[in-house]
Amino acid sequence: MLTIKLIQEQTDLVAERLRIKNFEATSILNEILQLDDLRRSIQSRMDNQLAELNSLSKQIGQFYREGKTSEAEAAKEKTAEFKEQGRILKEQLTQTENQIQELLVQLPNLPHELVPAGKTADDNLLIRSGGIIPTADPERKAHWDLLQSSKLIDFELGNKLTGAGFPVYKKEAARLQRALINFFLDQGIKAGYTEVQPPILVNQDSAYGTGQLPDKEGQMYHAEADGLYLIPTAEVPVTNIFRDEILEAADLPLRYIAYTPCFRREAGSWGSHVRGLNRLHQFDKVEIVQVRHPQNSYQGLDEMVNYVESLVSLLNLPYRIIRLCGGDMSFTSAMTYDFEVWAAGQGRWLEVSSVSNFESFQANRLKLRFKEKGDKRTTLAHTLNGSALALPRIVAAILENNQKGNEIMIPEILHPYTGFDRISL
RNA sequence: GGAGAGAUGGCCGAGUGGUCGAAGGCGCACGCCUGGAAAGCGUGUAUCCCAUGUGAAAUGGGAUCGAGGGUUCGAAUCCCUCUUUCUCCGCCA
C-alpha cells in the first residue's frame with residue numbers, strides 16, 4: 001500500500017510511475033487527496049468536540065468532590081450536545097477512512113525507475129544467463145512422458161487422493177525432492193539466513209498484510225470454518241512475523257529462510273502448457289525473506305539474485321535472469337527478477353524463482369517500521385523476498401536435462417543428500 | 001471439550017469509576033560524580049492521528065491498558081461478545 005504522504009507530495013510522479021505498470025491512477029489519486037482533506041477536517045472538528053466533552057467531565061468530577069451537586073448536574077446537561085456531535089463526526093470519520101482505504105488498496109506499488117515499460121513477458125529484459133543448454137535430441141522426453149511407466153511421480157494417484165495438481169512423489173522422486181529441500185536450506189543457512197518453520201495456515205490479518213487480501217482472494221484455499229487461509233507461499237507467514245513491529249535500525253538487515261508447502265487454487269489458469277509438474281495446486285518451496293533499511297534494499301535485492309544464481313549454478317541447470325517489465329510485474333512489487341531454467345524435454349524455459357523488492361509497500365500494510373537508536377521517528381522498512389527455490393520445476397528440469405538413455409543423472413552436489421547418483425527408470 | 005484464573009508501557013508489576021498514558025522496580029539513553037569504571041545521584045524513556053509551527057524541534061488537542069460492543073457527564077477499573085495465556089480434568093499425534 002502506498003502512503004498518503006507520498007501521494008500528496010508526489011501526485012504526478014506516482015501517476016507517471018504507475019503508467020509503467022499500465023495503471024491509470026489519476027482519478028483515484030485525486031479522489032484520495034480529496035477524501036484525505038475531508039478526513040482531516042472531520043478529525044479536527046471531532047477532536048474539538050471531544051476536548052470540550054473531556055474538560056466538562058473533569059469539571060463535573062471537580063464539582064462532585066467539592067460537594068457542588070447542583071453545578072455538577074447543570075454541567076451534565078451541557079455534555080449531551082458535544083457527545084452527540086462527537087458521535088456523528090466519529091461515524092463520518094470512520095466512513096471516510098474506509099473509503100480512503102478502499103481506494104488505497106487498489107493502487108499497485110510503484111515500479112523502480114529501472115523497470116522497463118511494457119505489457120507482456122515479451123517486454124521483459126534479459127539480464128544474464130548461464131549454464132549450457134543441452135543439444136536438442138529427439139529422444140529426449142518431457143518429464144511426464146519420462147515418468148510414465150515408472151510412476152515415480154504419480155499424477156493419477158494424486159488425482160484419486162485429492163484431485164488434479166496434487167501428485168504423489170514416490171521412491172527416488174520423493175527422496176530427490178527431500179534432498180533438494182535440505183540442500184536449499186543448508187545453503188541458505190550458510191549464506192546467513194535464519195531458518196524458520198512457520199504455520200502454513202494464516203489468518204486474515206496476515207493474508208492482508210502481505211497483500212494476498214483483498215487483491216487475490218480467489219487464489220488461496222480458504223478454510224472457512226476457521227477463517228484461515230492455506231498459504232500460497234512462505235512469504236506470507238514469514239513476512240508477517242514482523243507485522244506491527246518497530247525494529248532497531250542496527251538489527252537490519254534481517255534474513256530469513258523457510259521451507260513450506262504452498263497451495264494455489266490457480267483458478268482459471270490451466271491450459272495445455274501446464275502439464276505435469278509445470279503447475280500444481282500444492283508444491284514445495286524454500287523461500288528467502290529480507291527486511292532492510294531503505295537505503296540498501298537494492299543491495300539486498302542484488303544479494304538475493306546472486307544467491308539464487310548460485311543455487312541454479314550448483315545444480316548445473318541452464319538459466320537466465322530476467323528483469324520483469326511493468327506489465328508483467330506483480331501488484332506489490334517495485335522490481336522483480338525472474339529466474340528461468342531450461343527444461344530440455346519440453347524445450348522451454350520454466351520459471352523457478354521470482355525475487356522482488358517491495359520497498360515499503362508491504363511494510364506500510366504490515367506497519368513494519370524501524371527506528372534509529374535515540375531517534376524518535378519511525379520509518380517504514382523495506383521487505384524483499386524470493387524463491388530459493390521452487391521445487392517441482394527444478395525437479396522437472398533435472399529430470400529432463402539429465403536423462404541418459406534409461407537413467408537420470410543426479411547433480412553431483414546433491415549426492416550427499418540423495419544417497420544415490422542416478423535414477424534408473 | 002469441561003471448570004477456574006489471567007491478559008496493563010521494552011520487561012516485571014501496582015491500579016476496581018474522576019486529578020491515570022497510567023505508581024514502583026528493572027532495563028535503556030543522557031548528564032553529574034570518577035584518573036577510568038562500578039556504585040550513587042539527577043533527567044528522560046510507547047504508538048498513531050489532528051492543529052499551529054520548524055532546518056530539525058517544539059507546543060496544544062484527540063485516540064490507544066488483548067480486540068470489539070455497551071453502561072456513564074466520565075471506564076485500565078462495571079456489563080456483554082470474541083481472541084488468547086496459564087492451572088486442573090477429559091481426549092490425543
Side-chain angles (χ1 to χ4, degrees), chain A residues 1-9 32-101 103-104 197-209 213 223-229 237 240-252 254 261 291 360 362-381:
Chain A
M1 194 164 69
L2 299 175
T3 61
I4 294 218
K5 202 167 172 228
L6 179 73
I7 292 171
Q8 270 173 347
E9 289 169 358
I32 289 173
L33 290 176
Q34 255 172 30
L35 283 167
D36 191 52
D37 281 345
L38 179 63
R39 190 198 108 244
R40 296 141 111 89
S41 90
I42 294 172
Q43 166 114 43
S44 249
R45 280 180 281 152
M46 183 185 80
D47 285 355
N48 287 338
Q49 297 294 321
L50 292 179
E52 295 283 356
L53 188 61
N54 285 344
S55 89
L56 264 178
S57 292
K58 272 185 190 156
Q59 259 179 46
I60 293 169
Q62 187 66 27
F63 284 142
Y64 275 125
R65 250 170 286 123
E66 292 169 358
K68 299 176 179 168
T69 316
S70 56
E71 281 93 334
E73 294 299 327
K76 271 196 203 178
E77 303 277 316
K78 290 197 278 183
T79 59
E81 176 66 13
F82 294 121
K83 240 185 131 174
E84 177 62 7
Q85 281 303 315
R87 193 189 59 76
I88 291 168
L89 289 166
K90 170 74 189 169
E91 245 170 54
Q92 289 176 9
L93 183 68
T94 308
Q95 200 196 338
T96 309
E97 281 172 346
N98 289 343
Q99 283 172 357
I100 292 171
Q101 186 70 7
L103 292 171
L104 273 178
Q197 290 189 358
I200 58 177
L201 279 162
V202 295
N203 60 28
Q204 242 186 323
D205 287 345
S206 294
Y208 180 82
L213 294 178
E224 265 178 84
D226 298 288
L228 301 175
Y229 296 86
N240 270 283
I241 291 173
F242 307 105
R243 172 151 48 86
D244 288 320
E245 292 290 328
I246 299 174
L247 306 167
E248 286 261 348
D251 294 335
L252 302 178
L254 296 170
V291 179
S360 61
Q362 281 183 333
N364 189 32
R365 280 203 197 187
L366 291 162
K367 297 204 189 69
L368 163 53
R369 294 150 295 170
F370 70 92
K371 211 195 298 202
E372 306 283 350
K373 211 178 180 119
D375 199 344
K376 278 194 146 186
R377 293 216 50 80
T378 59
T379 312
L380 291 173

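Letters go in sequence order (proteins before strands), and every chain restarts at 1. Predicted model only: the values in this text are computed from it and were never measured.
- Ile60(A) comes within 4.0 angstrom of a base, heavy atoms only.
- Using the Watson-Crick or G-U wobble rule with both distances under 3.5 Å, G36(B) pairs with nothing in any strand shown.
- Applying the 4.0 Å criterion to OP1 and OP2 of A57(B), one finds that Arg377(A) has every side-chain N and O outside that range.
- C82(B) is paired with G66(B) under the Watson-Crick or G-U wobble criterion, all donor-acceptor distances under 3.5 Å.
- No hydrogens or angles considered: a donor-acceptor pair under 3.5 Å links the side chains of Arg65(A) and Gln62(A).
- For A67(B) and C91(B), the P atoms lie 37 Å apart once the distance is rounded to whole Å.
- Both distances falling under 3.5 Å, in either a Watson-Crick or a G-U wobble arrangement, place G44(B) opposite C28(B).
- Remark: of the listed residues Asp251(A), Ile246(A), Leu252(A), Asp251(A) is the sole one forming a side chain to side chain contact (heavy atoms under 4.5 Å, CB included) with Glu248(A).
- Nucleotides of RNA chain B nearest to Asn54(A) and Arg40(A) differ in position, and the one nearer the 5' end is that of Arg40(A).
- Among the atoms of the strands shown, only primed sugar atoms or phosphate atoms (P, OP1, OP2) are found under 4.0 Å from some heavy atom of Arg369(A).
- The side chain of Lys83(A) contributes an N or O atom lying less than 4.0 Å from OP1 or OP2 of G74(B).
- Interface remark: the Asp47(A) side chain does form a donor-acceptor pair with the G61(B) base, using a distance-only criterion of under 3.5 Å.
- Distances shorter than 4.0 Å separate none of the side-chain N or O atoms of Lys90(A) from OP1 or OP2 on A63(B).
- Toward the 5′ end of RNA chain B lies the nearest nucleotide of Arg39(A), the other residue of the pair Asn48(A) and Arg39(A) mapping further downstream.
- The distance from atom CD of Glu77(A) to atom C1' of U72(B) is 15 Å, rounded to the nearest whole Å.
- Residue contacts shown for Ala51(A) are limited to sugar-phosphate atoms, with no base heavy atom under 4.0 Å away.
- Considering only side-chain atoms of Thr378(A), the nucleotide from C73(B), U47(B), C50(B) that sits closest is U47(B).
- Here the separation of U77(B) from G6(B), taken at their P atoms, is 15 Å to the nearest Å.
- For G17(B), there is no paired base (Watson-Crick or G-U wobble, both distances below 3.5 Å).
- Both distances falling under 3.5 Å, in either a Watson-Crick or a G-U wobble arrangement, place A58(B) opposite U52(B).
- In this structure, Tyr64(A) reaches the bases: a heavy-atom distance under 4.0 Å links it to at least one base atom across the strands shown.
- Checking Asn54(A) against Ser57(A) by side-chain atom types alone, no donor-acceptor pair falls below 3.5 Å.
- With both ends at atom P, the span from U64(B) to G69(B) equals 11 Å, rounded to whole Å.
- Using Watson-Crick or G-U wobble geometry with both donor-acceptor distances under 3.5 Å, C92(B) finds no partner in any strand shown.
- Within the nucleic acid shown, Thr79(A) comes within 4.0 Å of sugar-phosphate atoms alone, with no base atom in reach, counting heavy atoms only.
- The CD1-P distance, from Ile100(A) to C49(B), rounds to 13 Å in whole Å.
- Pairing of A75(B), defined by two Watson-Crick or G-U wobble distances under 3.5 Å, is not identified with any nucleotide.
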